[in-house]
Amino acid sequence: MTDETNTSESAEENFLRKIVAEDQASGKHDAPVTRFPPEPNGYLHIGHATTVCLNFGIARDFGGRCHLRFDDTNPVKEEQRYIDAIKQDIRWLGFDWGEHEYHASDYFDQLYGWARLLIENGFAYVDDQSQEDMRANRGTVTSPGTASPYRDRPAEESLDLFARMKAGEFPDGSRVLRAKIDMASPNMLLRDPVMYRILHAEHPRTGSDWCIYPMYDFAHGESDWIEGVTHSLCSLEFEAHRPLYEWFVQKIDELGGAPEGSTHHPRQIEFGRFNLSGTMMSKRNLLALVEEGKVAGWDDPRMPTLAAMRRRGVTPASLRNFVNTVGMSRRHKTIEIALFENCVREDLNKTAQRRSVVIDPIKVVITNYPDDQVEMMTATNNPENEADGTREVPFSKELYVQREDFMEDAPRKFFRLSVGREVRLRYGYWIKCEEVVKDDAGEIVELRCTYDPQTRGGESPPPDEEGKVRKVKGTIHWVSAAHALPIEVRLYDRLFMTDDPNEGKGDGRDWRENLNPDSLVTAAAMAEPALADAEVGEPLQFERVGYFTLDPDSGKAANKRVFNRTVTLKDSWAKQQKKK
RNA sequence: GGCGUCGUAGAUCAAUCGGAAGAUCGCCGGGCUUUGAAUCCGGAGGUUGCGGGUUCGAACCCCGUCGCCGUCACCA
C-alpha cells in the first residue's frame, strides 16, 4: 500500500476493526476480504476517503485484501470518466487494489442465472403492474401492502417473460422482476422488492448487451459473495437493507446456488458517515455549485472532493491521519473543520519547505546599506527536517516587507515595524525604521530604515561595554526588490460563512445565501527567487503566512506562477485581536 | 407515523466480565523561540439525555421517557 508509516495510522482502533480481529482470532476467516464499492457517477470526496482508508487499511493490517469494485448497475447515471477519476484518487490517497479490480457488471450473467433460480423455486416473479400501481399496492408504513395480481403466476410464465425482458421485447418500465418475500413486512424493503428493471441504455462496459439491469439490493450482496468478501462495510442508511442482503444470499445458498469455492456468507456491517462543518457533501449540491458557477469546477480547491484537495495542497498523509483521528462509530457526526485543518498543518509542518513570500508589499530602503551590494544569506529549508538543508537568498538595499508588518501608531505589544522600532529580518539583518514616506493621498509608499551590520544573518549583536545584549521581540520576513519574483497567490478560505451551509433553510433562505464572498481572494505577491523552481503539488510553507502549493494553472500563463493557499498558519496574534 | 439505530467534556472517540469516567483536537494560562509557527509545561471543562429499578457497586443490566439521526425509489 504505502511506504509511509505513521504511528497514528497503525494505532487506529474502532469497532469494525475489532470485529475483524475477533473473526480472525476465532478462525472464522483466515484473512479479511473487504471492498470499496463506488458507483461511478461522480467524484470522490473526503467522506469517501473514510471508506477507502477503512477498507484498504483493514486489508493491509490484517493480512487480507481489498477489492475495488465499481457498482455499475445503473448505466443511465454512470460514466467511464468517473471510473478513471476514482482510480486516480484512490491511488493518490496511497492505496492499491493490485489485480483486484472488479465491476458488478462482471457478474451480470451469474446474477441473471440466480434470478432464474429464484423464479424457478417460487421466490421471484415478473410483475406487469405499472410503477404507480406497484407503489399504491406496497401499502404504507402503518398498513400492509396488497399482493400483485401477478404474484402467483406460474414460474414458467415468469421465466418466459424474464427471458423476453432480457431479449429487449418490452419497453422501459413495463415490467420488473420482483423477489417474493413479505408484503406485510414492517420493513418496506421486504415488500417484494424489485430485483431487475428494464433499461434500454448503453452501459460503459457492457455496451448494449443488456437491457435489464439488477438493482443494488440484488447485485451488491451477491457481488460480495462471489468475491469472497468477509466484511461488507457500508454506511448507516443501508441498515434497513441488511435483512434483504441476507435474504438473497441465504435463499440462493439453500437452493444450491452458492458460488464455487464459497466458504462463508459475507457480513454487512454499518457505520456512521460524517460531515465537515461548513461543508456540503451531497453530490447534488456539489453539482449545483459547479453548474451555477459558484466554484470553478469539481477540482476547485474550495470543494471537498479529493481532486480539489489535491490541487489545494492537502497531502494524502494528512487525509489519512484525519480519517483515523475521527474514528468510526454508529452515528452520524459533524466534524469541526478546525480538526481537519489541524491534521493538514501537522503533516505540512513536517514536510513543507520554507520560502519567503511577501503579500501586499511595501518597499523598505535601508539608507545606510551600500547601493549596489548584494549579499547571499543562508536560510534553513525546513527547521523540522535538517536533511532538507539550506538555500541562499539575496539581500540588498531595497526590500519588500508585508504591509501588515508595519503600523504607524503601534500598540506596545505589536512586535513588528513602527517608526523608532527595531526588528529582525529573518536570515537578514536587524533594521530600525526611521521614517515613513507617503504619497499625496497619504498612502504609505516606503519605509526608510537603517541596519546594524553586526547582526548579519539575523544574529544578535555582541554585548555592549556593560555586557548587556540588545534584544528584539519581533522577526519579520522580506524579499529583495531587485531579485523578487512576482507571483499570484490564491487565498482560499471556507466556502460558507456558517457552520451549517443550510442554516436558515426554513425561512426561505438556502445555502446560496450562506456562501462566503471572500472564499477566494487573489493577490499579487513578491517571492524569493527559489520559488521559480517550485513544482505542482510540492508542499511549501510561506513563512509567517501559510502553506501553499503551485497550481497547475501556472503552466498556462508564461511567467505567471500561481500558488494556492492550502491552509493558513495558526495565528495567535489575530486571535487575540479578534477577542478585543 | 411504522420500523431501525444512536445519546459519555465544546468537537470526535475510548472505557476488558458490572469494579476509581479517559484520550485527541479545541479552549485558557505559562516557558522557550531568528516563523506571534512549531515545540514544552500546566489548567479549566462531566449529574455518562432524563426518571425509576436490580446490585455491595451501573456509562454498561431491566422498565419507562425524551431527543437526534436514518429509512419508507423501477438510485446506490
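Throughout, a chain's letter reflects where its sequence line sits, starting with A, and its residues are numbered from 1. Values below: every heavy atom of this structure, side chains too, minus hydrogens, waters and symmetry copies.
- Within the 4.0 angstrom heavy-atom criterion, no nucleotide atom of any strand lies near A:Lys471.
- Judged purely by distance below 3.5 Å, without hydrogens or angles, the side chains of A:Arg35 and A:Ser232 pair a donor atom with an acceptor atom.
- Rounded to an integer number of Å, the gap from CG of A:Asp452 to P of B:rU34 is 16 Å.
- Using modelled atom types, one finds a donor on one side chain and an acceptor on the other under 3.5 Å when comparing A:Asn137 with A:Gln129.
- For A:Lys283 and A:Asn41, the side-chain atoms include at least one donor-acceptor pair closer than 3.5 Å.
- When A:Arg424, A:Arg544, A:Arg416 are each tested for a side chain to side chain donor-acceptor pair (under 3.5 Å) with A:Thr475, only one passes: A:Arg424.
- B:rG19 and B:rU55 have their C1' atoms separated by 12 Å, with the value rounded to a whole Å.
- Atom-to-atom, CD of A:Gln402 to P of B:rG36 comes out at 11 Å; the value is rounded to the nearest Å.
- A gap of 47 Å separates the P atoms of B:rU34 and B:rA20, to the nearest Å.
- When the C1' atom is compared between B:rA15 and B:rA23, the two are found 10 Å apart, to the nearest whole Å.
- Of the P atoms belonging to B:rC60 and B:rU8, the separation is 13 Å, rounded to the nearest Å.
- When only modelled atom types and interatomic distance are considered, A:Arg17 and A:His231 share no side-chain donor-acceptor pair under 3.5 Å.
- Pairs passing the salt bridge (Lys or Arg N to Asp or Glu O under 4.0 Å) check and including a residue from residues 322-337 of chain A, sequence neighbours excluded, read A:Glu239-A:Arg330, A:Glu270-A:Arg330.
- Taking the C1' atoms as reference points, B:rA73 lies 25 Å from B:rC68, given to the whole Å.
- Spacing of P atoms, B:rG51 relative to B:rC13, comes out at 25 Å, to the nearest Å.
- We find that CG of A:Asn14 is positioned 11 Å from P of B:rA15, with the value rounded to whole Å.
- Taking the side chain of A:Glu239 as heavy atoms from C-beta on, and the options B:rG1, B:rG36, B:rG4, the nearest nucleotide is B:rG4.
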Original post:
In dot-bracket notation, what is the pairing pattern of RNA chain B, taking Watson-Crick (N1-N3 plus N6-O4 or O6-N4) and G-U wobble (N1-O2 and O6-N3) contacts under 3.5 Å, with [ ] crossing and | for other strands?
Top reply: ((((.((..((((.....[..)))).(((((.......))))).....(((((..]....))))))).))))....

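- Residue-level contact check: A:Phe414 touches the bases, meaning some heavy atom is under 4.0 Å from a base atom.
- With ring centers used as reference points, A:Phe218 lies under 6.0 Å from A:Phe248.
- Taking 4.0 angstrom as the limit, A:Lys473 places none of its side-chain polar atoms (N or O) nearer than this to OP1 or OP2 of B:rU34.
- Not less than 6.0 angstrom separates the ring centroid of A:His241 from the ring centroid of A:Tyr245.
- Proximity of A:His477 to A:Val358: side-chain heavy atoms (C-beta onward) are separated by under 4.5 Å at one or more points.
- Of the candidates B:rC28, B:rG2, B:rG36, the closest approach to any side-chain atom of A:Thr142 belongs to B:rG2.
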Subject >> Per-nucleotide protein contact string for nucleotides 71-76 of chain B, where B marks a base within reach and S marks sugar-phosphate only (heavy atoms under 4.0 Å, - for neither) >> reply: SB-BBB

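- For A:Arg544 and B:rU33, the CZ to C1' distance is 14 Å, given to the nearest whole Å.
- Residues of residues 330-339 of chain A having a heavy atom closer than 4.0 Å to RNA chain B, listed by number: A:Arg330, A:Arg331, A:His332, A:Lys333, A:Thr334, A:Ile335, A:Glu336, A:Leu339.
- Protein atom NZ of A:Lys18 is 7 Å distant from nucleotide atom P of B:rA14, rounded to whole Å.
- Atom P of B:rC72 sits at a distance of 25 Å from the matching atom of B:rU12, rounded to the whole Å.
- Side-chain contact of A:Arg456 with A:Gln454: a donor-acceptor pair under 3.5 Å is absent, judged by distance alone.
- Donor-acceptor pairing under 3.5 Å is recorded for the side chains of A:His220 and A:Asp71.
- Between A:Asp192 and A:Tyr125, the side chains place a donor N or O and an acceptor N or O closer than 3.5 Å (distance only, hydrogens not considered).
- In terms of phosphate contacts, A:Ser329 brings a side-chain nitrogen or oxygen within less than 4.0 Å of OP1 or OP2 of B:rC13.
- A distance of about 16 Å separates the P atoms of B:rA11 and B:rG26, rounded to the whole Å.
- A:Tyr427 comes within 4.0 angstrom of a nucleotide base, judged by non-hydrogen atoms across all strands.
- Across the protein-nucleic acid pair, A:Asn275 atom CG and B:rC68 atom C1' stand 14 Å apart, rounded to whole Å.
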Provide a list of protein-nucleic acid N or O atom pairs under 3.5 angstrom, restricted to nucleotides 37-42 of chain B.
unit_1: B:rA37; atom_1: OP1; unit_2: A:Ser572; atom_2: OG; d: 2.9
unit_1: B:rA38; atom_1: OP1; unit_2: A:Lys570; atom_2: NZ; d: 3.4
unit_1: B:rA38; atom_1: O2'; unit_2: A:Asn349; atom_2: ND2; d: 3.0
unit_1: B:rA38; atom_1: O2'; unit_2: A:Glu384; atom_2: OE2; d: 2.9

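- A:Asp347 and A:Thr315 form a side-chain donor-acceptor contact under 3.5 Å, judged by distance and modelled atom types alone.
- Protein atom CD of A:Glu270 is 16 Å distant from nucleotide atom P of B:rG70, rounded to whole Å.
- Contacts classified as salt bridge (Lys or Arg N to Asp or Glu O under 4.0 Å) and involving residues 381-392 of chain A (residues at least two apart or in different chains) are given here: A:Arg391-A:Glu528.
- If you measure from atom CD of A:Gln576 to atom C1' of B:rC28, you get 12 Å, rounded to the nearest angstrom.
- Defined by atom type and a distance below 3.5 Å, a donor-acceptor pair is present between the side-chain atoms of A:His67 and A:Glu227.
- Once rounded to the nearest 0.5 Å, the distance linking CZ of A:Phe70 with CD1 of A:Ile86 reads 5.0 Å.
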